[in-house]
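One structure below.
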Amino acid sequence: MQKIRSAMLSALLLGAALAPAPAVAAPADEAAIRVAALQDDVAWDFAEGLTTEVGPRPAGTPQEARARDWAVARLTALGFKNVRAEPYTMPVWVRGRDQANILAPFPQALVVAALGNSGSTGESGIEGEVAYFSSLAALEAAPEDQVRGKIAFVDHGMKATQDGSSYGYFGAARRQGPSVASKKGAIAILIRSIGTDNHRVPHTGVQMWAEGARPIPAGALTVPDAEQLVRVLHRGQPVKLHLVLTSRMLKDQPSGNVIAEIPGTDPAAGIIVAACHLDSWDQGTGAIDDATGCGIVAAAALQAAKAGQPRRTIRVLMAGAEEVGGDGARAYFKAHGSERHALAMESDFGADRVWRVDFKLPEGHGMLSDRIGQALAPLGVGASTQQAGGGADIAPLVKAGVPVIDLQQDGTRYFDIHHTPDDTLDKVDPLQLRQNVAAWAVTLHLAANAEESLADN
């Protein structure tokens, strides 16, 4: 059935790209770029190579260093110019042994993964009674005597949305929950995985300790195991757990960004940054998060350049250490923030089809957004009235006022896989990946060659 759906999507997209042009169609360059991109194999080959030849790429580890070397070699072979790695150092959290067991009243094992920056239980682990909270808000409202000396458990279930908007609310349990529990005296915290699947695979992810919060062991239970723990708790007896999370922190480890360019003809027109991130979590191979994003931006830049050397330089930024807090984005801005950036874009939400485009351009650039919207329409992409916001890899640029365009991907199934061992290449639909490349390619082409100023920075 998947092959049939993929074949239908391919036929529809190619048919739309090859159909007679309507009266408001984009110029022939954009139509040719769409057709070529919908048959592109560069993005797939990039993601396949990175996930196969490197595999997991945790930030600040030798695996991430191998990813940088691999990307420099691949981008050079593809014909990019000024390809280089730009190093920096950072503290690195390293996962150890993750294990959880109910000791009483119904002994059994639970599947858990430590959250980034989790404190350690030590090799022997810890034991404690579970204190149940239906949400982060319930934990925040709880008096300290309900939390102190216990293993806090926060349980609320995330639901799928096309734009991923529920992640902000439900993800707070992971991002802020450990600090809240620590300040109330908990000896550890477990959360229901921030995911929309029902598979027995845990969703990890980073959390940062708030000022004054002592690091405590912090982990995520799989959705089925969280539901099992709730059923045990509902039997009305005290629940005792044994928890082992043996993580550690390392200081001043090497990380870095990879940069590659398609030089423009007019240096004064500024740089367009097309960003993704090279690092991944350790459990899967980081296919949708974010090997495909890096494949998309690389392939799209090459497709955009086939129409001729662009006016603006297109700079591909493959950032390091995004998953653990955006160190690569900050390092890029520190090194390049003073340069004239005309536009920033980012691909970091999987590889399912682009369905919407959002803009945040200076006043007076309505004609450019209209041209981009018209060129994207044959790919099934609608222009929205929502303002673009960018993502973690371009956040410092966006904060500094650089214009941004978001090509929004369908995130309906993204959080089934996000930050889990299931983030592997088989989850990528090659035809939807090509549609991403096509959408990115026409957008980069039009923005890189636009006569509009785009930015005054």
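In this structure, S120 and T246 approach most closely via the heavy-atom pair OG-CA, 3.5 Å. Nearest heavy-atom pair, K159 versus T196, reported as atom, atom and distance to 0.1 Å: C-CG2, 3.6 Å. Contact detail for A342 and L454: the closest heavy-atom pair is O-CB, 3.5 Å. For G320 against D279, the heavy-atom pair with the smallest separation is C-OD1, 3.8 Å. Shown here for A383 and V357, the closest heavy-atom pair between the two residues is CA-CG1, 3.6 Å. Residues M318 and C276 share a closest heavy-atom pair of CG-SG, 3.4 Å.
Pairs of residues two or more places apart, or lying in two chains, that qualify as salt bridge (Lys or Arg N to Asp or Glu O under 4.0 Å) and include a residue from residues 398-421 are D352-R413. Within the structure, ring pair (Phe, Tyr, Trp, His ring centres under 6.0 Å) contacts touching residues 229-260 (residues at least two apart or in different chains) do not occur.
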**Study point:** CA sep, side-chain torsions, deciding dist, call: Q435, V354, side chain to side chain contact (heavy atoms under 4.5 Å, CB included)
**Key:** CA-CA 7 Å; Q435 189 260 7; V354 176; 3.8 Å; yes
Exercise for review: Verify side chain to side chain contact (heavy atoms under 4.5 Å, CB included) between R74 and D45, making sure each step is shown before the conclusion.
Suggested key: CA-CA 10 Å; R74 179 60 64 95; D45 290 345; 4.3 Å; yes
Exercise for review: Verify side chain to side chain contact (heavy atoms under 4.5 Å, CB included) between M345 and L444, making sure each step is shown before the conclusion.
Suggested key: CA-CA 9 Å; M345 299 176 62; L444 287 175; 4.0 Å; yes
Practice item. For salt bridge (Lys or Arg N to Asp or Glu O under 4.0 Å), just list the numbers for E144 and K184, CA-CA rounded to whole Å, side-chain angles, deciding distance to a tenth of an Å, and then say yes or no. Key: CA-CA 5 Å; E144 288 188 8; K184 290 178 180 285; 5.9 Å; no
Practice item. Could you walk me through whether L343 and I405 pass the side chain to side chain contact (heavy atoms under 4.5 Å, CB included) test, one step at a time? Key: CA-CA 8 Å; L343 182 70; I405 296 175; 3.8 Å; yes
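Using modelled atom types, one side-chain atom of T76 and one backbone atom of V72 make a donor-acceptor pair closer than 3.5 Å. Side chain of S182 to main chain of P215: no donor-acceptor pair is present (N/O by atom type, distance under 3.5 Å, no hydrogens or angles). The closest donor-acceptor contact from the side chain of R434 to the backbone of A37 lies at 3.5 Å or more, if one exists at all. Remark: side-chain polar atoms of S255 are not paired, donor with acceptor, to backbone N or O of T89 under 3.5 angstrom. Remark: side-chain polar atoms of R356 are not paired, donor with acceptor, to backbone N or O of Q408 under 3.5 angstrom. Checked by atom type and distance alone, the side chain of K427 never pairs as donor or acceptor with a backbone atom of I288 at under 3.5 Å. Between the side chain of T52 and the backbone N or O of G49, no donor-acceptor pair lies under 3.5 Å. A distance-only check finds a donor-acceptor pair linking the side chain of D423 to the backbone of A287 [under 3.5 Å]. E322 places no side-chain N or O within donor-acceptor distance of the main-chain N or O of A392, the cut-off being under 3.5 Å. Between the side chain of E64 and the backbone N or O of G60, at least one donor-acceptor pair lies under 3.5 Å.
Partners of H199 according to the side chain to side chain contact (heavy atoms under 4.5 Å, CB included) rule, which considers only residues two or more places apart in sequence or in another chain, are D197, V201, D422. Remark: V398 pairs with I394, V404 by the side chain to side chain contact (heavy atoms under 4.5 Å, CB included) rule, at least two apart or across chains. In this structure, the ring-ring contact (aromatic ring centres under 6.0 Å, His included) partners of F170, at least two apart in sequence or on a different chain, are H156. Scanning for ring-ring contact (aromatic ring centres under 6.0 Å, His included) contacts around W70 gives F46, with sequence neighbours left out. Contacts of R66 classified as salt bridge (charged side-chain N to carboxylate O under 4.0 Å, His left out), with partners at least two apart in sequence or in another chain: none. Applying the salt bridge (charged side-chain N to carboxylate O under 4.0 Å, His left out) rule to R248 yields no partners; only residues at least two apart in sequence or on another chain are considered. With sequence neighbours excluded, the residues forming a ring-ring contact (aromatic ring centres under 6.0 Å, His included) with H419 are W281, listed by chain and number. Residues that satisfy the salt bridge (charged side-chain N to carboxylate O under 4.0 Å, His left out) test with E123, not counting sequence neighbours, are R97. Judged as a salt bridge (charged side-chain N to carboxylate O under 4.0 Å, His left out), and not counting sequence neighbours, the contacts of D282 are R95.
In this structure, P202 and T222 have side chains that are in contact, with non-hydrogen atoms separated by less than 4.5 Å. Residues Y332 and D393 have side chains not in contact (no heavy-atom distance under 4.5 Å, counting atoms from C-beta outward). Using a 4.5 Å heavy-atom threshold, the side chains of I191 and F153 count as separate. Here the side chains of W93 and S118 are in contact, with some heavy-atom distance below 4.5 Å. Using a 4.5 Å heavy-atom cutoff, the side chains of T61 and Q253 are not in contact. Under the 4.5 Å side-chain criterion, counting only non-hydrogen atoms from C-beta, N198 is in contact with E227. Annotation: side chain of N257 is in contact with side chain of L317 (closest heavy-atom distance under 4.5 Å). When side chains are defined from C-beta on, T443 counts as touching L376, because their heavy atoms get closer than 4.5 Å.
Between F415 and H418, the angle of the ring planes goes over 60°, which puts this pair in the perpendicular group of the 30/60° scheme.
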Run the side-chain donor-acceptor check on residues 127-140: report pairs under 3.5 Å with partners two or more places apart or on a different chain.
unit_1	atom_1	unit_2	atom_2	d
Y132	OH	D155	OD2	3.0
S135	OG	A137	N	3.4
S135	OG	A138	N	3.1

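By the neighbour-count criterion of 12 heavy atoms within 6.0 Å, atom CZ of R235 is sparsely surrounded, having that number or fewer from other residues, nucleotides or ligands. Under a cut-off of 6.0 angstrom, the local environment of NZ in K240 is sparse, with at most 12 non-hydrogen atoms contributed by other residues, nucleotides or ligands.
Residues H365 and F359 place their aromatic rings such that the two centres sit no closer than 6.0 Å.
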